[in-house]
Amino acid sequence: MGVASTMGPSLLAVYNRHPVAFVAGRGARLTAEDGSEYLDFGSGVAVNALGHAHPHLVKALNEQAARLWHTSNLYRMPEGERLASRLTEATFADAVFFTNSGVEALECAFKMARRYHYSRGEGHRYRLITFEGAFHGRTLAAIAAGGQAKYLEGFGPKVEGFDQVPFGDPGAVEAAIGDETAGILLEPVQGEGGMRKFSAQELRRLRELCDRRGLLLVLDEVQCGMGRTGRLFAHEAAGITPDIMAIAKAIGGGFPLGACLATEAVAKAMPVGSHGSTYGGNPLAMAVGNAVLDVVLDEGFLDKVRRSSLRLRQHLARLRDAYPSLIEEIRGEGLMIGLKCTIPNLDVVQAAMQERLLTIAAGDNVVRLLPPLVLTDQEMSEGVERLDRALGRLAKAAVPNAIPAK
Ligand code: PLP
């Protein structure tokens, strides 16, 4: 017999799902079971970066599905070798390990950071400094890294080796470094934490600190990477490079795919047998990953993301000015935008949903906008109109007969 739940009695009730089911999608549009059409400004939490049913991705997956699904990591996989060399050519990295999710990419990053110091005879250096508000996934190690009480509760002793410092307190990081510190782990733009970004200056300072103290800089670009901020990876804007980087979400465009990228110095510390995965880098995932890169690395793609971001932020600034009683700040980078709300963020998400616009709540009372990077002008205008209507209704409900400020 299933566990009682409001929906889907056989599903573990760990999600608070909205009672809508989508049956089809195209670009930024989704169609629900009842035929109603929604605009998707959440992209499955930054996954559908190329929108729904992108023809190039559909073709790549279909062709691969007709040829070969899985062989295992016991044999060479040419498509994986190709994707890895394209990723290393485009980034700081010299080696790539493929995973099926973001948290597995992080797990690989944790292990690599520890193993790097171990291989240099300093196995006692295994701790990572992390930041308040961080989110790195839901395995035992990742919830320890994220440090959020609500995710740790009830799961026994916290995995050892993570020291959290406040966000935006430059002195705190240095003070937290000890003999056992292996590195610093951060999201250049915190997603779940409320679209809070590290400034270029802060990233450069942390890179310099790592160099000075022999620490590894480990970046989690699972949400902010792969073009989301208008750069291939968010850290590029600061002109720095990490030692290790976890990516996922957009690299698979909806197909489960993640990767952990590392410099040669780090990769050398991971000999045969030190890590593995049954599915990681399987032919289906590799076909889609290569297809995503075809689009994202295409000339002009990232310029277009930056232009879209500018336009969308202009629209949103107008909404913030029109509804100062609801929105106090627009934050984020590229098409990773947060509306810091003055009323509960879930009210805004719900009101937008009633206008058939999908948005996502984040920490710090923020509403996340993560539209597909391929958002058209028409889709952007419609999305902004829907958000305007939702905010208009909320403003009216808060102050009857209120007229939005000009
Ligand atoms: N890191 C960040 C920054 C994320 O946003 C997420 C997921 O939202 C993860 C890690 C975990 O990724 P996954 O859910 O694919 O395991």
Side-chain angles (χ1 to χ4, degrees), residues 46 91-93 102-103 105-114 116 125-137 141-148 151 161-178 181-226 228-229 231 233-249 258-263 266 331-334 336 338 362-364 366:
T91 66
F92 71 96
V103 78
L106 263 305
E107 184 72 21
C108 180
F110 303 155
K111 289 175 74 175
M112 276 184 169
R114 291 179 177 203
Y116 166 79
R125 297 179 77 173
Y126 69 99
R127 307 190 71 84
L128 288 174
I129 294 173
T130 68
F131 290 84
E132 176 204 297
F135 182 79
H136 300 296
I143 57 176
Q148 297 198 42
Y151 296 139
F162 300 95
D163 300 308
Q164 195 152 71
V165 297
F167 188 93
D169 178 353
V173 181
E174 208 142 352
I177 299 173
T181 306
I184 299 173
L185 166 67
L186 64 96
E187 299 152 80
V189 186
Q190 286 190 341
E192 306 288 324
M195 308 310 225
R196 296 192 300 185
K197 64 176 180 184
F198 285 81
S199 67
Q201 188 193 14
E202 180 65 358
L203 286 178
R204 286 196 284 270
R205 198 186 69 81
L206 291 171
R207 174 71 269 180
E208 190 274 325
L209 180 62
C210 285
D211 291 343
R212 192 155 36 89
R213 304 292 294 266
L215 306 176
L216 297 172
L217 182 62
V218 184
L219 296 185
D220 177 347
E221 292 228 15
V222 166
Q223 190 163 150
C224 63
M226 284 309 292
R228 179 54 60 189
T229 63
R231 310 258 175 188
F233 292 104
H235 66 266
E236 292 170 13
I240 58 140
T241 57
D243 301 290
I244 302 174
M245 178 169 73
I247 65 172
K249 291 187 184 273
C260 185
L261 282 65
T263 59
V266 173
R331 13 163 121 149
E333 188 73 36
M336 186 172 182
D364 204 25
V366 162

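- In this structure, R331 and K197 have side chains that are not in contact, with every pair of non-hydrogen atoms separated by 4.5 Å or more.
- Of the residues L217, V173, I129, the one that meets the side chain to side chain contact (heavy atoms under 4.5 Å, CB included) test with L186 is L217.
- A 4.5 Å side-chain heavy-atom check between V103 and H136 finds every atom pair outside the cut-off.
- Within the structure, side-chain hydrogen bond (donor to acceptor under 3.5 Å, both in side chains) contacts touching residues 237-249 (residues at least two apart or in different chains) are R207-D243.
- Across every non-hydrogen atom of C260 and C108, the tightest pair is CB-SG, 3.7 Å.
- Interatomic distance, CZ of F92 versus NE2 of H235, reported as 6.0 Å (0.5 Å rounding).
- Partners of D169 under the salt bridge (charged side-chain N to carboxylate O under 4.0 Å, His left out) rule, at least two apart in sequence or in another chain, do not exist in this structure.
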Chi angles and distances behind the ring-ring contact (aromatic ring centres under 6.0 Å, His included) call for F110, Y126:
CA-CA 9 Å; F110 303 155; Y126 69 99; over 10 Å; no
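- By the 6.0 Å and 45° rule, R127 does not stack over the aromatic ring of F162.
- Shown here are the ring-ring contact (aromatic ring centres under 6.0 Å, His included) partners of F135, two or more places apart in sequence or in another chain: Y151.
- A salt bridge does not link R204 to E208: none of the charged nitrogens lies less than 4.0 Å from a carboxylate oxygen.
- A salt bridge does not link E333 with R196: none of the charged nitrogens is closer than 4.0 Å to a carboxylate oxygen.
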